[in-house]
Amino acid sequence: MGKMIEEGEVVFLDEGTRLQKKTYLEDQKGVPPSSVWADLEETGHNRNAKYELKKLFPDVQTSDLFKTPKPERFISKILRIASDKDSIILDSFAGSGTTGHAVLRQNAADGGNRKFILVEMEETIAAGITAERVRRVAGGYTDAKGKAVEGLGGGFQFCRLSAEPLFNEFGDIRDDVTFAELADFVWFAETGIGYSGTADSPMLGTHDGRAIYLLFNGILGDRRPQGGNILTKAILDSLPEHDGSKVIYAAATRLGSAALQRANIVFKQTPYAIEV
Ligand SMILES: C[S@@+](CC[C@H](N)C(=O)[O-])C[C@H]1O[C@@H](n2cnc3c(N)ncnc32)[C@H](O)[C@@H]1O
């Protein structure tokens, strides 16, 4: 700072309450975006947005389509200004999924690897419009004239939030959490993808060669408190077999580390080890 003041790069104004730093045109990366966006060719407009949506959903009655979509070009312009190729873009009011569409378009245009998180609280919109739009845009679809429109590439995971949190204020699993609800969470924590299994067995499934098990809530038919939720030798012998590494979530284990290692098991204690 001292050097900048000495060289006149930072100047104190006469009244002594403000200072100015010189900036040079050649150092600027571009001009700041205007605060009025009046070029409709560049940003699109709401009527465009409805038309874009209609093109993507020729099979849906116009009256049943999402009523207030934003134009994709408008969101694309925001992405060009405010994101880089590795950004994660969150739209917590996703509606018709314009933001996901714009992210895929921008990635296709500049080879970026942006990711998006879209949140939509209306179940029918989330599944029927938000996710379906992004699915069509990413994977391709057939337009109203029966012509195949190529996808932009990319993909997504569709996840549902549980109605209530799984954990109470002390970090314990709430008493009314079901096996299926915890199975969803454990699976996501282990694999990073949504659970598509049936959650009717302590072995939830396999992922990348590892089997993932959950002992919780009487899944083994033992309805005593904690019954069947503790990994013992007998319980291990009763679990569906997997010839390879196993991750077992349970309230506690009676097996020591040597026994766990011999059986190729990584033990994770609930609820503490359940984290995303
Ligand atoms: C104005 S629309 C968004 C339009 C969107 N930008 C588009 O281009 O389609 C707002 C959406 O946010 C959803 N929404 C409202 N409150 C929400 C909340 N608390 N969490 C998640 N979604 C919400 C509404 O159901 C509605 O679909």
Side-chain angles (χ1 to χ4, degrees), residues 33-85 87-110 112 114-144 149-167 169 174 177 181 184-185 188 192-195 276:
S34 150
S35 36
V36 179
W37 293 0
D39 181 350
L40 296 182
E41 273 308 301
E42 196 189 13
T43 59
H45 48 74
N46 288 353
R47 206 161 353 111
N48 272 153
K50 287 190 177 173
Y51 179 61
E52 279 166 9
L53 203 56
K54 182 67 204 154
K55 277 205 305 194
L56 280 160
F57 287 95
D59 47 336
V60 176
Q61 291 273 336
T62 307
S63 55
D64 291 339
L65 275 178
F66 191 77
K67 300 281 184 298
T68 55
K70 296 283 170 294
E72 187 236 310
R73 277 181 268 171
F74 174 71
I75 307 289
S76 289
K77 175 164 175 167
I78 296 175
L79 294 180
R80 286 196 300 278
I81 293 170
S83 76
D84 57 42
K85 287 183 178 181
S87 295
I88 298 175
I89 291 107
L90 168 69
D91 184 348
S92 41
F93 300 91
S96 68
T98 314
T99 300
H101 188 162
V103 168
L104 295 180
R105 167 96 61 214
Q106 198 55 36
N107 281 346
D110 64 9
R114 295 169 190 80
K115 297 187 174 65
F116 55 78
I117 301 171
L118 305 182
V119 186
E120 172 53 54
M121 73 174 188
E122 293 289 344
E123 181 80 29
T124 47
I125 295 176
I129 309 263
T130 323
E132 186 53 30
R133 175 179 188 174
V134 184
R135 193 172 292 119
R136 291 182 187 198
V137 167
Y141 63 100
T142 305
D143 72 11
V149 178
E150 206 178 319
L152 294 172
F156 65 94
Q157 281 284 321
F158 186 91
C159 301
R160 268 190 190 78
L161 293 182
S162 54
E164 300 290 340
L166 294 180
F167 303 101
E169 65 270 41
R174 285 194 6 231
V177 167
E181 286 169 338
D184 273 350
F185 197 81
F188 185 74
I193 58 173
Y195 186 54
V276 180

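Start at 1 and go down the list; that is how both ligands and their atoms are numbered.
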**Prompt:** Counting each atom of ligand 1 from 1 as listed, which ones have a heavy atom of F66 under 4.0 Å away?
**Reply:** 2 (S), 4 (C), 9 (O), 27 (O)
**Prompt:** Does at least one non-hydrogen atom of A94 fall below 4.0 angstrom from an atom of ligand 1?
**Reply:** yes
**Prompt:** Is a side-chain donor or acceptor of K54 paired with a backbone partner of V60 at a separation under 3.5 angstrom?
**Reply:** yes
**Request:** Please report the C-alpha distance between V119 and L90 in whole Å, then the side-chain angles of each, then the deciding distance to 0.1 Å, and finally whether the side chain to side chain contact (heavy atoms under 4.5 Å, CB included) criterion is met.
**Result:** CA-CA 8 Å; V119 186; L90 168 69; 4.2 Å; yes
**Request:** Check the angle between the aromatic planes of F74 and W37 and answer parallel, tilted or perpendicular using the 30° and 60° thresholds.
**Result:** perpendicular
**Request:** List the atom of I129, the atom of S96, and the distance in Å for their closest heavy-atom pair.
**Result:** CG2-CA, 3.7 Å
**Prompt:** How close does the nearest protein non-hydrogen atom get to atom 21 (C) of ligand 1, and which residue and atom is it?
**Reply:** S92 O, 3.3 Å
**Complete:** If you scan protein heavy atoms around atom 6 (N) of ligand 1, the nearest is K70 CG, 3.5 Å
**Fill in**
A student comparing N46, T98, V119 should find that the heavy atom closest to atom 7 (C) of ligand 1 comes from T98
**Message:** Please list, in number order, the atoms of ligand 1 under 4.0 Å from a heavy atom of E122.
**Reply:** 25 (O)
**Message:** I need the nearest protein heavy-atom contact for atom 1 (C) of ligand 1: residue, atom name and distance, please.
**Reply:** T68 OG1, 3.8 Å
**Asked** What's the shortest heavy-atom distance between A102 and S76, and which atoms?
**Response** CB-OG, 3.6 Å
**Asked** If you measure from the Lys or Arg side-chain nitrogens to the Asp or Glu carboxylate oxygens, is any gap between K55 and E52 under 4.0 Å?
**Response** no
**Message:** Please determine whether a side-chain nitrogen of the Lys or Arg among K70 and D91 lies less than 4.0 Å from a carboxylate oxygen of the Asp or Glu.
**Reply:** no
**Message:** If we count only N and O atoms by modelled type, under 3.5 Å, do the side chains of R114 and S83 hold a donor and an acceptor together?
**Reply:** yes
**Item:** Distance from atom 22 (N) of ligand 1 to nearest protein heavy atom, with residue and atom
**Value:** M121 N, 3.2 Å
**Prompt:** Got the closest protein heavy atom to atom 9 (O) of ligand 1, with its distance?
**Reply:** S96 OG, 2.6 Å
**Prompt:** When you measure from atom 25 (O) of ligand 1 to every protein heavy atom, which one gives the shortest distance, and what is it?
**Reply:** E120 OE2, 2.7 Å
**Request:** Among all protein heavy atoms, pick the one closest to atom 14 (N) of ligand 1 and tell me residue, atom and distance.
**Result:** F93 CD2, 3.6 Å
**Geometric N/O contact I125 with ligand 1, under 3.5 angstrom** = no
